[in-house]
Amino acid sequence: MIARCWRVPQWRVRHWRVLPMMAAITLLLGGCASMLVEDTTPLPPSKLLPLGSDTISAGGYRFGGLQQTSEPPDRLILVAMSGGGKRSAAFSFGVLKGMRDMPVPTRTGPQSLLSQLDGISGISGGSFTAAYYGLHREAAFGQYEQDFLYSDTNSYILGIYLYPWNWAWLTDPLVGTNDFMERVYDRTMFHGARFSDLAARGKPLIGIGATDIGYGMPFLFTQEVFDIICSDLGPFPLARAVAASNGFPGLFSPVTLTSHAAACGGRKPGWLTRITEAEKNDPISRVGAQARSLERYLNPEQTKYVHLADGGIADNLGLRVAGGMMENMSQSHSALAAEGFDRIRRILVISVDGEGTQDASIPQHRMVGGLFAMFGLVSGTQIDRYNFETMVTVSQQIQDLAKALRALRCSRGKMIDGAPCEDVQAELMHVSLAGMPESPEKQKLLAIPTGLTIDKADVDRLVQAGTETVTGLAPLRQYLAGFPGVQTPDPGRSATRMPGRR
């Protein structure tokens, strides 16, 4: 029997007196029902590439494994959605809606910015929006609100702790509270979908980010990352990845993955073999730090399991893994060419940040609140400072990638596809709640809590704010107008629906 996680109706939460009786009956009957929890699947030998190859496996859910367009792309557009509970999920969804109405010049005429995305990463609250859009695409608009944004997700969480038939996590060491939430997300949003279903949809690639609490490292659900634990991402449940990304420590148990690294026979990603010992031992080398971290995963005696919790712990903006991948590719012309990046002329990374700001009134008061208030203040301050450092680092990594692309293109000739070889531009744009112009409405939006249940009216206001913020971002409109292709229409017409939606 598989335990089901029923949510708690509001009127029942008040009936505390029945709980001891229910608990006693449950224990007398032998405890909670068992639950089947899915784990990783080893990479089949047929997918493993020869030793010394640039990647460990072939195909899978990665950029190179997704369906390509008939013509080589001349742009790379990525979106990263931050953590911040349902507030961030709603704001990010509004940004996607705004992107449907933003024109981008292409060889065949103006298309919507949304239709041109190559990848979307989602952290914690942002992972709901990223995963849901990745699976449902155009059907998400008008459906996502009902399936998730308007729902009372907190009531499901209460059900895990209050209903004895959901207490398998108390009696079975292999079952955790987040395993119940996985089933909630699957039943309400993903309906049995696997990453192989996302792969069948093609671009954009959806990267769900969590934190490996064993090493304090960001962990992204893509095949490149699953390669290092010699596992096949295709059969992995989408809802389980989202549960891992939202596994707030203390409230939810970690999602544990088994590493099958021994089955890969010592295979390593190509970029790792190109790192010198001097770089690897340099304590202030970013590439060296990545190499040292990766080797811990590749060693089957050192890493047997990966324990994942909320992605916001290691990277609340969802940018660090993508930035690291760009940095790794920048080290090798062959790696760039293998990904088809030698024709790229425009790189755009949009950071969608639904996090709020610190309470400016705290230094004015003697008391700061209880334990939970203190935890929120400390973690919020840490996230804010870490976000700044992440933005600075990733901005540099994007520029390093552009520099490497210029060098690669110019090594092949002065003109590439009719354009100067050095014509490569890269930008990191930040779309945030905190960056909105000061107004009473902004303060109301920032005051909305980051939990998993918020009022319908607040959801609608956050969605609208996301739409208006991205469509009103002048630097973004200006950068899009300079994309290769036909002349983009007047930015003032950005509310006009563009063709090319997916």
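Just so it is clear, the model here is predicted, and its values are computed rather than measured. Both backbone and side-chain heavy atoms feed into the values below; hydrogens, waters and symmetry mates do not.
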* Asked: Do we see a donor-acceptor contact under 3.5 Å between the side chains of Ser57 and Asp227?
  -> yes
* Asked: With distance as the sole test, does Ser253 use its side chain to make a donor-acceptor pair with the main-chain N or O of Asn178 at under 3.5 Å?
  -> yes
* Donor-acceptor contact present, side-chain Asn299 to main-chain Glu295, <3.5 Å -> no
* Could you pull out all residues at least two apart from Thr469 that satisfy side chain to side chain donor-acceptor pair (under 3.5 Å)? => none
* **Salt-bridge present (Asp186, Arg183; N to O < 4.0 Å)** => no
* **Point-to-point distance, once rounded to the nearest 0.5 Å, from OG1 of Thr188 to CD of Gln146** => 12.5 Å
* **Intermediate values then yes/no, side chain to side chain donor-acceptor pair (under 3.5 Å), Tyr156 and Ser151** => CA-CA 10 Å; Tyr156 290 108; Ser151 68; over 6 Å; no
* Asked: Which class fits the ring pair Phe219 and Tyr297: parallel under 30°, tilted 30 to 60°, perpendicular over 60°?
  -> tilted
* Between the side chain of Arg87 and the main-chain N/O of Ile448, is any donor-acceptor distance below 3.5 Å? -> yes
* Would you confirm whether Ser351, through its side chain, and Ala80, through its main-chain N or O, come within 3.5 Å as a donor-acceptor pair? => no
* Structure fact -> dist Phe180:CZ -> Trp167:CH2 (nearest 0.5 Å) comes out at 11.5 Å
* Would you please indicate yes or no on a ring centroid separation below 6.0 angstrom for Phe195 and Phe226? => no
* Any donor and acceptor pair, going by atom type alone, linking the side chain of Lys203 with main-chain N or O of Leu117 inside 3.5 Å? -> no
* **From CD1 (Ile350) to CE (Met99), nearest 0.5 Å** => 3.5 Å
* Exam field: side chain Ser231 to backbone Ile229, donor-acceptor pair closer than 3.5 Å -> yes
* To do: Answer yes if the side chains of Gln111 and Gln116 hold a donor-acceptor pair under 3.5 Å, and no otherwise.
  => no
* To do: Would you check if the side chain of Asp118 reaches a backbone N or O of Ile77 as a donor-acceptor pair within less than 3.5 Å?
  => yes
* To do: Output yes when Arg240 and Glu38 qualify as a salt bridge under the 4.0 Å nitrogen-oxygen rule, no when they do not.
  => no
* Asked: side-chain contact (heavy atoms from CB on, under 4.5 Å) between Lys86 and Thr153: does it pass, once the steps are laid out?
  -> CA-CA 9 Å; Lys86 198 164 280 189; Thr153 309; 3.0 Å; yes
* Please check if the side chain of Ser124 supplies one atom and the backbone of Gly311 the other of a donor-acceptor pair under 3.5 Å. => no
* **CD1-CG distance between Ile398 and Leu78, expressed to the nearest 0.5 angstrom** => 8.0 Å
* **Non-neighbouring partners of Asp460 that pass salt bridge (Lys or Arg N to Asp or Glu O under 4.0 Å), sequence neighbours left out** => Lys456
* Give, for atom CE of Met429 and atom CG of Leu473, the distance between the pair rounded to the nearest 0.5 Å. => 6.5 Å
